[in-house]
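Residue numbering restarts at 1 for every chain, and letters A, B, ... go by the order of the sequence lines.
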Protein chains: 2
Amino acid sequence: MFSKATEYALRATIYIAQKSSVEKKLSLAEIATAIDSPPSFTAKILQLLTKDNCVINSVRGPNGGFYITEKSKQLPLKKILEAVNENDLFEKCILGLKKCSETKPCPLHFQYKPIKQELIHLFQTNTIQELSEKADNESLFINNSI
Amino acid sequence: MFSKATEYALRATIYIAQKSSVEKKLSLAEIATAIDSPPSFTAKILQLLTKDNCVINSVRGPNGGFYITEKSKQLPLKKILEAVNENDLFEKCILGLKKCSETKPCPLHFQYKPIKQELIHLFQTNTIQELSEKADNESLFINNSI
DNA sequence: ATAATTAAGGACAAAATTACCTTTAATTAT
DNA sequence: ATAATTAAAGGTAATTTTGTCCTTAATTAT
């Protein structure tokens with residue numbers, strides 16, 4: 001479904017929202033270990049999420065690391081997809097047809113449409129905070145190797 | 001969503017179901033042109049679909065080509081995904097967590113679940129024939145460049 | 001039988017994605 | 001101020017996916 005990059009972005013952001021605050025920043029090493037992702041590749045993705053502080057924040061130096069503000073926690077998951085340039089995924093034709101549209105629909109168009117809309121709805125209505133709270137309850141999901 | 005390979009597999013199969021019969025086989029060249037896919041790569045994918053005649057059939061030589069039997073037209077789209085080994089796509093965790101399950105769910109698990117089931121339902125209930133008939137009505141969808 | 005045609009199959013190439021490593025810049029603690 | 005720490009940034013490497021090409025095998029038409 002999603003690329004590795006997007007999966008890591010979602011997992012990392014949820015983890016950061018769960019565990020961080022301005023006072024308690026998380027290092028790349030901790031994040032990558034926690035979400036079971038390759039550290040260097042994860043660094044690149046965190047950079048995307050940090051661009052213009054669009055989703056998360058970072059500071060360098062001792063006791064530096066990544067954190068998320070209360071304000072950013074109110075952002076929809078969609079923002080994460082935007083940050084890693086995978087936001088158009090749900091817009092695309094399921095058969096990969098460039099010209100597929102309402103007026104020129106592919107044979108799956110109208111059956112896929114409601115599903116697509118549910119996906120969009122899922123990522124638009126859920127905030128980062130809501131997800132991180134769910135993560136608190138529903139077992140520590142995030143470590144991929146456990 | 002899907003890989004190029006899967007998109008081509010779906011488009012090709014629908015096109016073959018639309019236009020072919022045992023008497024009227026379609027050449028690789030015609031199929032690739034019609035669905036706007038790279039011919040050689042498409043050849044590989046058609047081979048997968050032809051393995052054990054699981055979805056489509058082929059014959060070599062003059063007036064050879066690809067066709068689909070009436071029986072195979074009754075197969076669900078899911079068969080196409082199986083043939084190109086992308087059938088597990090809908091089984092996977094949306095966050096890419098290997099151990100995500102009903103008892104150890106990721107924070108998106110229960111919200112994604114119904115969507116996943118609709119996707120599975122879509123590919124399990126629609127037959128190749130049904131799709132190709134839709135393609136007949138809903139404009140010739142398949143050429144990607146028009 | 002022979003030649004022509006078409007898919008099958010194998011090897012290879014290009015592009016995209018994923019992953020790694022090293023240097024630089026910023027920040028902090030001493 | 002200096003040294004230590006951490007992310008940023010750039011380059012590179014490995015892997016996967018996508019795409020190409022060439023030879024082989026099968027079938028058909030002549």
Rounding to an integer number of Å, can you tell me how far [X] [atom1] sits from [N] [atom2]?
{"X": "A:Lys25", "N": "D:dA7", "atom1": "NZ", "atom2": "P", "value": "11 Å"}
{"X": "A:Tyr67", "N": "C:dT27", "atom1": "OH", "atom2": "P", "value": "11 Å"}
{"X": "B:Glu7", "N": "D:dG19", "atom1": "CD", "atom2": "C1'", "value": "15 Å"}
{"X": "A:Leu49", "N": "D:dA7", "atom1": "CG", "atom2": "C1'", "value": "14 Å"}
{"X": "B:Phe2", "N": "D:dT17", "atom1": "CZ", "atom2": "C1'", "value": "17 Å"}
{"X": "A:Lys4", "N": "D:dT16", "atom1": "NZ", "atom2": "P", "value": "11 Å"}
{"X": "B:Leu48", "N": "D:dG19", "atom1": "CG", "atom2": "C1'", "value": "15 Å"}
{"X": "B:Phe41", "N": "D:dT17", "atom1": "CZ", "atom2": "C1'", "value": "7 Å"}

Select base, sugar-phosphate, or nothing to describe what [X] touches, counting heavy atoms under 4.0 Å on all strands.
{"X": "A:Ser40", "result": "base"}
{"X": "B:Ile56", "result": "nothing"}
{"X": "B:Ile45", "result": "nothing"}
{"X": "A:Lys44", "result": "base"}
{"X": "B:Ser58", "result": "sugar-phosphate"}

Subject >> From D:dG19, C:dA7, D:dT18, nucleotide with atom closest to B:Ser27 side chain >> reply: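 That would be C:dA7.
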
Subject >> Nucleotide of D:dT18, C:dC20, C:dA8 approaching A:Pro39 most closely (side-chain heavy atoms) >> reply: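 Output: C:dC20.
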
**OP:** Verify whether one side chain among A:Gln129 and A:Thr127 offers a donor that lies under 3.5 Å from an acceptor in the other.
**Re:** no

Subject >> Under 3.5 Å side-chain donor-acceptor pair for A:Glu70 and A:Gln74 >> reply: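 A:Glu70 vs A:Gln74: no donor-acceptor pair found between side chains.
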
Between [X] and [N], is there a side-chain N or O to OP1/OP2 distance below 4.0 Å?
{"X": "B:Asn63", "N": "C:dT6", "answer": "no"}
{"X": "B:Tyr8", "N": "D:dG19", "answer": "yes"}
{"X": "B:Gln47", "N": "C:dG9", "answer": "yes"}

Original post:
For the residue pair B:Ala12 and B:Leu46, what are the closest heavy atoms and their distance?
Top reply: CB-CD2, 3.9 Å

Original post:
Donor-acceptor pair, A:Ser72 side chain versus A:Ile56 backbone, under 3.5 Å?
Top reply: no

Original post:
Stepwise, does the ring-ring contact (aromatic ring centres under 6.0 Å, His included) test hold for B:Phe123 with B:Phe2?
Top reply: CA-CA 13 Å; B:Phe123 281 82; B:Phe2 289 130; 5.6 Å; yes

Original post:
Is A:Lys78 salt-bridged to A:Glu82, going by a charged N under 4.0 Å from an acidic O?
Top reply: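 Yes, A:Lys78 and A:Glu82 are salt-bridged.
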
Can you name the atoms? Protein N/O to nucleotides 23-26 of chain D N/O, anything below 3.5 Å, with the distance.
residue : atom : partner : partner atom : Å
D:dA25  : N3   : B:Arg60 : NH1          : 2.9

Subject >> Other residues, nucleotides, ligands: >12 heavy atoms within 6.0 Å of B:Lys25 NZ >> reply: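 Yes - once you tally the heavy atoms of other residues, nucleotides and ligands closer than 6.0 Å, there are more than 12.
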
**OP:** Using a cut-off of 6.0 Å, state whether more than 12 heavy atoms not belonging to A:Lys4 lie near its atom NZ.
**Re:** no

Original post:
Do any pairs count as a ring-ring contact (aromatic ring centres under 6.0 Å, His included) and have a residue in residues 20-40 of chain B, sequence neighbours left out, and if so which ones?
Top reply: none

Original post:
Below 4.5 Å, heavy atoms only, C-beta onward: do B:Ile68 and B:Ile128 meet side chain to side chain?
Top reply: yes

Original post:
Could you spell out the base pairing of DNA chain D in dot-bracket, with Watson-Crick or G-U pairs whose two distances are under 3.5 Å, [ ] crossing and | to another strand?
Top reply: ||||||||||||||||||||||||||||||

